[in-house]
Each structure stands twice: as C-alpha cells, then as structure tokens.
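Letters go in sequence order (proteins before strands), and every chain restarts at 1.
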Amino acid sequence: MTSPRSESQPRPDLAPDPSLGHAEMEALQRDIAGAAVFEDEFGFDPEPLTNPLAASAATATTDTDSAADSPNASQPTVVGVDQSFLTNEAGDQDRALSAVVAMRGGEVVERVHAVTDLKTPYIPGLLSFREGGAILAALESLTVEPDLFLFDGSGRIHFRQAGIATHIGVVRDVPSIGVAKSLLCGRLQGDTDNLSAGTRVAIEADDSVDAPAGTLLGYAVQTRQYDSPNRYINPLYVSPGHRVGPETAADLVLGLAGSYKLPEPVRLADQYASEAKREFLD
DNA sequence: GCGACAG
DNA sequence: ATCTTGTCGC
C-alpha cells in the first residue's frame, strides 16, 4: 500500500531550532521544501472563502439555527499569524510575541498569543528560526482546529523554497499560505505598478532560488487599489506554504481580504500583536 | 568583489 | 519589526 501525500503527518522533528548553525538551518530548509506540498491538497471547501458572495449568502441563510450549533460551524477555520517584538530595559529586542487570530465565517472565534525569548537575529532567509518558536508556542494554546494558516511572510518565495509559512505549515501539517508585503526573491513576470484590485502577476524562480528557473513560486496579488491617480497601493506577495497551490493561494487571499489590503485574519493578528504587546510593558 | 535580502 | 503627527487627496 502506497502512502499518498494526503496521508502525511506533522513533522515536529523539522521544527525550527535556533541553536543550529547557518549551514544546518539551510540544510533543514531543504528538507522542509522536500516535505512540502506546493499544490492543492486540503480537505475543506474553499468556495465560501474564495467567493465573498457565496459567503455572505451562506451567512444570510442562517435563519434555521434551531440546532445548538453555531451558524458557521461548517465553514473552514482560517488562522492568521503575526509577530511583534518586546524590548528590554536595555533597549534590545529580546522577546518575540506571536499573535494568533482564528476566524470562521468571517467572525473571530479565538485569539491566543505567546511570548518567547529571541535567540537569533533577523537574517533574510532564516526568519522562521527567529520567530518560529513563538509561533509554535502560540499555536499550542489554540483550541480550535485550524483548516488554514495565513502567515506574514513568504512561503515558497524563498531561496530554498522554505519560507516561514512553509516551515510552520509542514511542521504542523496544516495547509498554509505566505503573505508578504515585500518580495524576498524571484522574478516578477510583469509590471506591478498600479494594478487593478483583484489582479495578479506571476513570480517565477530565478538564479537566487533553489528551483528550476521558471518555476511558479507565487503571485503579486492586488487586493485593494485606489480609484484614481497620484498614489497607489503596493501588491502583496502571496505564495504556497504547504498543501496549497499558487493559484488557490492567490484566490484565497483575495477572498479573505475585507476593506483593507491585508487578508482579514492577518490584519487582525497584526492588530492583536500590537494590542497584546502594550500589556507587556515591564 | 558585486548585488540582494520576508520580519 | 520599530521609532510616529501631520498631511495630501478623494
């Protein structure tokens, strides 16, 4: 009996270990990339998330809630994750605060956060080793079962195809998507200036990426845009984390975007990260 | 040596 | 990530 990828399991053994040397971290990332699935391989129905109209229609049809179940019980639980940092009395960032916001049917169903000591400086390409510990700790206290993770950072758009979204997604074996505000690597296949809302531009692997040149890594996605000239909003750089293909990742980010540029789960996690930080005033 | 770099 | 009010434009 062969074991399809749909039977893959969580890989706590591949968790980001900040005590590793750079070469070892990079080797671990290659293992992560090898274990990652960059195509649709999830068990929930993306329709209510991808199609805003269908979602609101479903919410409006919740008049027959005679049962003791919540209106959106059948909808996927999408979890947004973002970090903020706490400063020492000396003035140094010594702790990371990971904020997690779980949503279902457009409503926040749970919020949890965790704080851990920082053990590694920020190094482009090794972000998951700096923030991964706090993220995994926060996810440990989450009681709802996540169907999808949305991270603030890259997934496959990474030198070794193992950005933070891919790393955490593989360790937990939960479908995940990377949502970055700037491009780490790869080559845009078109102009991204003043894109219309709802449009996307492909991002392919170049020489800096450990993948065949031309490999589709993700998309520059324009969730929001100003109506007229002068100023314009930059796109988001969306890429597969784990078990989600590039096309679907872009569709989901567009569908989960509300009135703001960032998809709602991530925007609220960002907000919560700042809010929780204030209460940690030493 | 040159260039480039998520949060 | 973080330091942060006002300000330009619709």
Original post:
Taking side chain as C-beta onward, heavy atoms only, is A/Phe129 less than 4.5 Å from A/His167?
Top reply: yes
**OP:** Give one of base, sugar-phosphate or nothing for A/Leu126, where a contact means two heavy atoms less than 4.0 Å apart.
**Re:** base
Original post:
Between C/dA1 atom P and A/Ile135 atom CD1, what is the distance in whole Å?
Top reply: 13 Å
Original post:
Touch check for A/Ser154, heavy atoms < 4.0 angstrom, all strands: base, sugar-phosphate only, or nothing?
Top reply: base
Subject >> A/Ile233 CD1 to C/dC10 P, straight-line distance once rounded to whole Å >> reply: 14 Å
Original post:
Which is true for A/Ser208 with a 4.0 Å heavy-atom rule: it touches a base, it touches only sugar-phosphate, or it touches nothing?
Top reply: nothing
**OP:** Over 60° means perpendicular and under 30° means parallel, so classify the ring planes of A/Phe149 and A/Phe151, tilted if in between.
**Re:** perpendicular
Original post:
Just to confirm, is there a sub-4.0 Å distance from OP1 or OP2 of C/dA1 to any side-chain nitrogen or oxygen of A/Lys277?
Top reply: no
Original post:
Which part of the nucleic acid, if any, lies within contact of A/Tyr122, taking any heavy atom under 4.0 Å across all strands shown: a base, the sugar-phosphate backbone alone, or nothing?
Top reply: base
Original post:
When you list every nucleotide of DNA chain B with an atom under 4.0 Å from a heavy atom of chain A, which one comes first 5' to 3', and which comes last?
Top reply: B/dC5 to B/dG7
**OP:** Classify the nucleic acid contact of A/Ile157 as base, sugar-phosphate or nothing, counting any heavy atom under 4.0 Å across all strands shown.
**Re:** nothing
Original post:
Can you name the nearest heavy-atom pair linking A/Val144 to A/Ala102, along with the distance?
Top reply: CG2-CB, 3.8 Å
**OP:** Could you tell me the separation between the CG atom of A/Asp152 and the P atom of C/dT2, rounded to a whole number of Å?
**Re:** 10 Å
Original post:
Which comes earlier along DNA chain C counting from the 5' end, the contact point of A/Gln93 or that of A/Arg231, where each point is its nearest nucleotide?
Top reply: A/Gln93
Subject >> Donor-acceptor contact present, side-chain A/Arg224 to main-chain A/Gly258, <3.5 Å >> reply: yes
Subject >> A/Arg243 with A/Asp173: basic N within carboxylate O range, under 4.0 Å >> reply: yes
Subject >> Upstream residue (5' side of DNA chain C) when A/Asp227 and A/Lys181 are each assigned their closest nucleotide >> reply: A/Lys181
**OP:** Using modelled atom types only, decide if a donor and an acceptor are shared between the side chain of A/Gln161 and the backbone of A/His158 within a distance under 3.5 Å.
**Re:** no
**OP:** Apply salt bridge (Lys or Arg N to Asp or Glu O under 4.0 Å) to A/Glu204 and list each qualifying residue two or more places apart in sequence or on a separate chain.
**Re:** none
